[in-house]
Structure formats: C-alpha cells, structure tokens
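Starting from 1, each residue takes its place in the sequence as its number.
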Amino acid sequence: MGVRKKLLQIPFFTFNIPMTNLQVITSGVLLILWIPLSYQVFFKQPKENKEAQNKLEEAQNKLDKLQKELAWRKAQFKLVWMKAPLYADWRKEEFEAVNVTLDAGTAHPALLCEDGKRVTWREPCQDLPHSTQRFDSLPCVLGQLDLRRGRSFWEVEVGNARSWDLGICRDNVTRKGRVTMSPQNGFWAIRLYERAYWALTSPETPLSLKHEPCKLGVFLDYEAGDVSFYNMTDGSHIFSFPKNTFSGALKPLFRLWSSDSGSLTIRPGGRTPDVTIDIPN
C-alpha cells in the first residue's frame, strides 16, 4: 500500500508539496514555532527597539544638557578667574613661560648690550649709527620676542635695583624724542622710582605693596587684552591694566634710569640661560 501523502497548508499560504505523515507532523511543529517567532519579529521586536531607541534618545538628551551646563559653568568660572587677582602660581598654570632675550638694536645709546645677554650703563653715551629702531631719549631696550597671540609670561629678578620700568609696549611705539609712557602711547608698564611704585596709567597710579618684590612676573593675555604684574616672591598680585584691544606685535620692555639703578635679570622659565642687565653702582 502506498504512502499517503498530504498537502501542507498554512493560513495565507498553500504549498502544493506532497507530504508524508512524518513530514506533516514536523511541519506542524515548525508552524507552532513560527507563529510566536513571527510575532516576535513583526510585532514585539519593533516595539522593544522603539523603546530602546527612546531610552537612548532620552539619555543622549540628558548628556547634551549636562555638557551644556558644564560648558556654561566652565565659562563662568573662567570669567571670574580672569577678573580675580589670583596668586601667580595659579596663573602660571594657564600661561606659557616664554624665553625673552634683549634686542641690542633697540637699546638707548647709554645702554651697552653684549650678545643680547648683558646690558651695562655707559657714560658718556655711545656714538652709534642712526637707526629707526633705537630709543634715543628714553633709556629703554626691548625684547626680541614678538607677542601676537595667546597667554605668555616671563619673570624678571629685580633684586635690589633702585629704579626701573618693566612691562610691554607696541612694536611701533615712538622711539625718537620725548614721549610719555602710557597705554595711550602704547606702553603698559610699572615703575620703581625713589622707593615708590607706580603703574604707568594716565595719570599714573601709585601702588602700595606689602612686600618689595625680588622677582616680578609680567603676564600677557593677548586675546583678552590683559596685562598683569605679580610679585613672584610671594605670588601676590600687584596691578592689572584695564582691558585693551591689541593688534600687531607687542614687545617686552625694560627701562633703566641711571648708572646707579642697579641690575635686572630676565628669567625665561628656566629653559635657557638667564639674560642680565647689569648697571654698575
């Protein structure tokens, strides 16, 4: 007697394939398994995927919100940090120590420079060739470094020096004839003269220091327009000029008043040998 064959019929589908009893049973089992699987694939899985997607989007939104709040808090902290007269060691974390050397071509004839490292006061003044870069009335010398961006600082050991001006100036300041050192004329500096400290604002601002600095720090934030001075001996803030808008190159500035001014030593962050301005007493 031949094997009785049947047709496999599934709702919505009919397969005209001869089936043995074993095949019919196997197909039935597979059909039973297929129904929940198809439900999982076509109905439940998309729902779970949608829930997972919603949770992911919710988590991303929370993360974006936290990042925006963190950025806002960081900006607020930075704003307060810029305004506050923080200790020098804190500021140094955000500024780059730069190597400043002296530009002999800018030095007043009374200042004798050797290899950009040592400057001594010479009387009578040297008979030097005319140069548009040289100071001829103010006994000043500039640093060679061009400051055009970023945050930078350098330290100057003033020791027992009796009279000096220290700071920065525009590269194109007037170097011939009489000129008043003030921000309006492109100078941002402080002064020690006859045991009194002054900020060279217009008019000049007297400064009251608890401790006389043996080492002074000059801090420049070019983009923020900030020039600040610190006593590097105890880290205390000395003076900050009102905010400016800089353009073009700025230069480190040094001025000595007379043969008994004393000496100054530039500290370039300890990366190269010191540069010394030496004036005999």
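Remark: side-chain polar atoms of Asn244 are not paired, donor with acceptor, to backbone N or O of Phe246 under 3.5 angstrom. At distances below 3.5 Å, at least one donor-acceptor pair connects side-chain atoms of Asp136 with backbone N or O atoms of Gly177. Put simply, the side chain of Ser163 never gets that close to the backbone of Tyr193: no donor and acceptor are under 3.5 Å apart. Judged by distance alone, with hydrogens and angles left aside, the side-chain atoms of Thr201 form a donor-acceptor pair with the main-chain N or O of Pro203 at under 3.5 Å. Between the side chain of Arg134 and the backbone N or O of Ala107, at least one donor-acceptor pair lies under 3.5 Å. With hydrogens and angles ignored, the 3.5 Å screen pairs no side-chain donor or acceptor of Asn185 with any backbone N or O of Pro183. Checked by atom type and distance alone, the side chain of Glu155 never pairs as donor or acceptor with a backbone atom of Ile266 at under 3.5 Å.
His237 is not listed as a side-chain neighbour of Arg91, based on a closest heavy-atom distance of 4.5 Å or more. Annotation: side chain of Leu145 is in contact with side chain of Val98 (closest heavy-atom distance under 4.5 Å). Side-chain contact check for Leu102 versus Pro252: every heavy-atom pair is 4.5 Å or farther apart. In this structure, Ile168 and Phe241 have side chains that are not in contact, with every pair of non-hydrogen atoms separated by 4.5 Å or more. By the 4.5 Å heavy-atom criterion applied to side chains, Lys251 and Asp146 are counted as neighbours. Contact annotation: the side chain of Leu250 never approaches that of Val227 to less than 4.5 Å [non-hydrogen atoms, C-beta and beyond]. Side chains of Asp221 and Phe153 form no contact here, defined as non-hydrogen atoms less than 4.5 Å apart.
Heavy atoms of other residues, nucleotides or ligands lying less than 6.0 angstrom from CG of Asp64 number more than 12.
Within the model, atoms CZ of Arg255 and NE2 of His108 stand 9.0 Å from one another, a figure rounded to the nearest 0.5 Å. Remark: Tyr197 OH to Arg191 CZ distance equals 13.5 Å, nearest 0.5 Å. The CD1 atom of Ile238 sits 13.0 Å away from the NZ atom of Lys210 when rounded to the nearest 0.5 Å. Rounded to the nearest 0.5 Å, atoms CZ (Phe229) and CZ (Phe219) are 11.0 Å apart. Atom-to-atom distance recorded for Leu216:CG and Tyr230:OH is 11.5 Å, nearest 0.5 angstrom. One finds the CZ atom of Phe135 at 10.5 Å from the CG atom of Leu111 (value rounded to the nearest 0.5 Å).
Take Leu253 and apply the side-chain contact (heavy atoms from CB on, under 4.5 Å) test, not counting sequence neighbours, and it matches Cys140, Leu142, Cys169, Met181, Phe187, Ala189. Checked against side-chain contact (heavy atoms from CB on, under 4.5 Å), Ala196 has the following partners two or more places apart in sequence or in another chain: Trp198.
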Leu220 and Arg151: side-chain contact (heavy atoms from CB on, under 4.5 Å), yes or no, with the steps? CA-CA 6 Å; Leu220 169 67; Arg151 296 171 178 161; over 6 Å; no
Go through it in stages, so that I can follow the logic: the residues are Phe254 and Leu166, the test is side-chain contact (heavy atoms from CB on, under 4.5 Å), and I'd like the CA-CA distance, side-chain angles, deciding distance and then a yes or no. CA-CA 5 Å; Phe254 309 86; Leu166 292 172; 3.3 Å; yes
Stepwise side-chain contact (heavy atoms from CB on, under 4.5 Å) test for Asp226 and Lys243: CA-CA 5 Å; Asp226 178 76; Lys243 296 296 186 292; 3.6 Å; yes
Could you walk me through whether Thr233 and His211 pass the side-chain contact (heavy atoms from CB on, under 4.5 Å) check? CA-CA 9 Å; Thr233 304; His211 305 285; over 6 Å; no
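Residues Tyr222 and Val173 do not share a hydrophobic cluster, defined by chaining ILVMFWY side chains whose heavy atoms lie under 4.5 Å apart. Linking Ile, Leu, Val, Met, Phe, Trp and Tyr whenever their side-chain heavy atoms come within less than 4.5 Å leaves Ile190 and Val179 in two separate clusters.
Between Ser152 and Trp154 the shortest heavy-atom distance is OG-CZ3, 4.4 Å. Heavy atoms only, all atoms of each residue included: Ser182 and Ser202 are closest at CB-CB, 4.2 Å. Nearest heavy atom pair, residue Leu200 against residue Glu204, reads CD2-OE2, 4.0 Å.
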